[in-house]
Amino acid sequence: EFKKAMAVVKESDIDLLVFPEFSYVPFEELLSTSDIDKTEDIEVIYKECMSLSKEINCAVIIGGRDAYGTIYSVYANADFIENEETDCTHYVKHTATQFSAFDLDNYSEKAKYFFSPIYLKGYAIGMTICNDCTHSLFSSMYGVQGVDIIINCTGGNVVYDKWHKYTQSRAIENSCYT
């Protein structure tokens, strides 16, 4: 079923496909057994995400949970334009989670990375995960950098009307879309 769906994506004219947290991808075991805070593990994850991006001809955001329960999203774009677009990056969930980005060693250094905008086809994109969208601090980190859109990857169990209002208020305060 996954291959059938990706065949349709490959023939579509889309720039970015978002797999919310806990979505199926063929390498989900890698996502769940790795340590997102280890450089060698994230490099392998990036490689798999880039392979999928190349296969389906568009950038991807893939949500995962590592061996320690850390929830994260990886952005990968196999067709990035060097010096203009982002190839790979990731964001780690901060709130309402078993293991927070705040728990990582050297968080202040990593935060600069997590909140660096993604560049795709002339647009600046920010990522949050689930409950992080309800806190203006996180979206404001992108707002001061002039992002055009904030993508919030959520796995479910949300009251959509309430979350729609949260994301609307984040967009208004940051002059962007979410």
For residues [X] and [Y], determine if any side-chain heavy atom of one lies less than 4.5 Å from a side-chain heavy atom of the other.
{"X": "Asn77", "Y": "Asp87", "value": "no"}
{"X": "Cys58", "Y": "Val9", "value": "yes"}
{"X": "Cys176", "Y": "Val147", "value": "yes"}
{"X": "Leu52", "Y": "Ile62", "value": "yes"}
{"X": "Ile150", "Y": "Thr128", "value": "yes"}
{"X": "Val92", "Y": "Phe114", "value": "yes"}
{"X": "Ser100", "Y": "Lys93", "value": "no"}
{"X": "Phe80", "Y": "Cys88", "value": "no"}

Between atom [atom1] of [X] and atom [atom2] of [Y], what is the distance when rounded to the nearest 0.5 Å?
{"X": "Met127", "Y": "Phe115", "atom1": "CE", "atom2": "CZ", "answer": "10.0 Å"}
{"X": "Ile118", "Y": "Ser73", "atom1": "CD1", "atom2": "OG", "answer": "9.0 Å"}
{"X": "Leu31", "Y": "Ile36", "atom1": "CG", "atom2": "CD1", "answer": "8.0 Å"}
{"X": "Ile125", "Y": "Leu16", "atom1": "CD1", "atom2": "CG", "answer": "5.5 Å"}
{"X": "Leu137", "Y": "Thr95", "atom1": "CG", "atom2": "OG1", "answer": "10.0 Å"}
{"X": "Lys38", "Y": "Ile45", "atom1": "NZ", "atom2": "CD1", "answer": "11.5 Å"}

Quick one: does any side-chain atom of [X] pair with a main-chain N or O of [Y] as donor and acceptor, under 3.5 Å?
{"X": "Gln145", "Y": "Met141", "result": "yes"}
{"X": "Ser12", "Y": "Val8", "result": "yes"}
{"X": "Ser175", "Y": "Ala171", "result": "no"}
{"X": "Thr97", "Y": "His94", "result": "no"}
{"X": "Asp148", "Y": "Tyr123", "result": "no"}
{"X": "Thr33", "Y": "Ala67", "result": "no"}
{"X": "Glu85", "Y": "Lys121", "result": "yes"}
{"X": "Asn131", "Y": "Ala96", "result": "no"}

### Task
Determine, step by step, whether Ser34 and Val44 satisfy the side-chain contact (heavy atoms from CB on, under 4.5 Å) criterion, reporting the C-alpha distance in whole Å, the side-chain angles of both residues, the deciding distance to 0.1 Å, and the verdict.
CA-CA 9 Å; Ser34 298; Val44 174; over 6 Å; no

Would a hydrophobic clustering, with Ile, Leu, Val, Met, Phe, Trp and Tyr connected at side-chain separations under 4.5 Å, put [X] with [Y]?
{"X": "Phe19", "Y": "Tyr91", "answer": "yes"}
{"X": "Val144", "Y": "Ile149", "answer": "no"}
{"X": "Val25", "Y": "Ile14", "answer": "yes"}

### Message
Just to verify, what does Tyr113 make a side chain to side chain donor-acceptor pair (under 3.5 Å) with, not counting sequence neighbours?
### Response
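Per chain and number, Tyr113 pairs via side chain to side chain donor-acceptor pair (under 3.5 Å) with Tyr46, Thr89.
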
#### Entry: Of all pairs that satisfy side-chain hydrogen bond (donor to acceptor under 3.5 Å, both in side chains), the ones with a partner from residues 51-70, not counting sequence neighbours
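side-chain hydrogen bond (donor to acceptor under 3.5 Å, both in side chains) check on residues 51-70 returns Asp66-Thr70.
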
### Query
Can you check whether Tyr75 and His90 have ring centres sitting under 6.0 Å from each other?
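When the ring centroids of Tyr75 and His90 are compared, they turn out to be at least 6.0 Å apart.
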
Taking every non-hydrogen atom, the tightest pair across [X] and [Y]:
{"X": "Ala124", "Y": "Tyr119", "value": "CB-CE2, 3.7 Å"}
{"X": "Pro20", "Y": "Ser23", "value": "O-OG, 2.8 Å"}
{"X": "Pro26", "Y": "Tyr24", "value": "CA-OH, 3.4 Å"}

### Query
Between Tyr166 and Asn152, do the side chains contain an N or O donor and an N or O acceptor separated by less than 3.5 Å?
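Result is no, nothing qualifies.
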
### Query
Does atom CD of Glu40 have more than 12 heavy-atom neighbours, drawn from other residues, nucleotides or ligands, at distances under 6.0 Å?
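Enclosed.
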
### Query
Is atom OH of Tyr107 surrounded by more than 12 heavy atoms (other residues, nucleotides or ligands) closer than 6.0 Å?
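Counting neighbours around OH of Tyr107, more than 12 heavy atoms of other residues, nucleotides or ligands fall under 6.0 Å, so yes.
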
### Task
Output yes when Asp105 and Lys110 qualify as a salt bridge under the 4.0 Å nitrogen-oxygen rule, no when they do not.
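No, this pair does not count.
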
### Task
Could you walk me through whether Ile56 and Leu17 pass the side-chain contact (heavy atoms from CB on, under 4.5 Å) test, one step at a time?
CA-CA 9 Å; Ile56 63 174; Leu17 180 63; 3.8 Å; yes

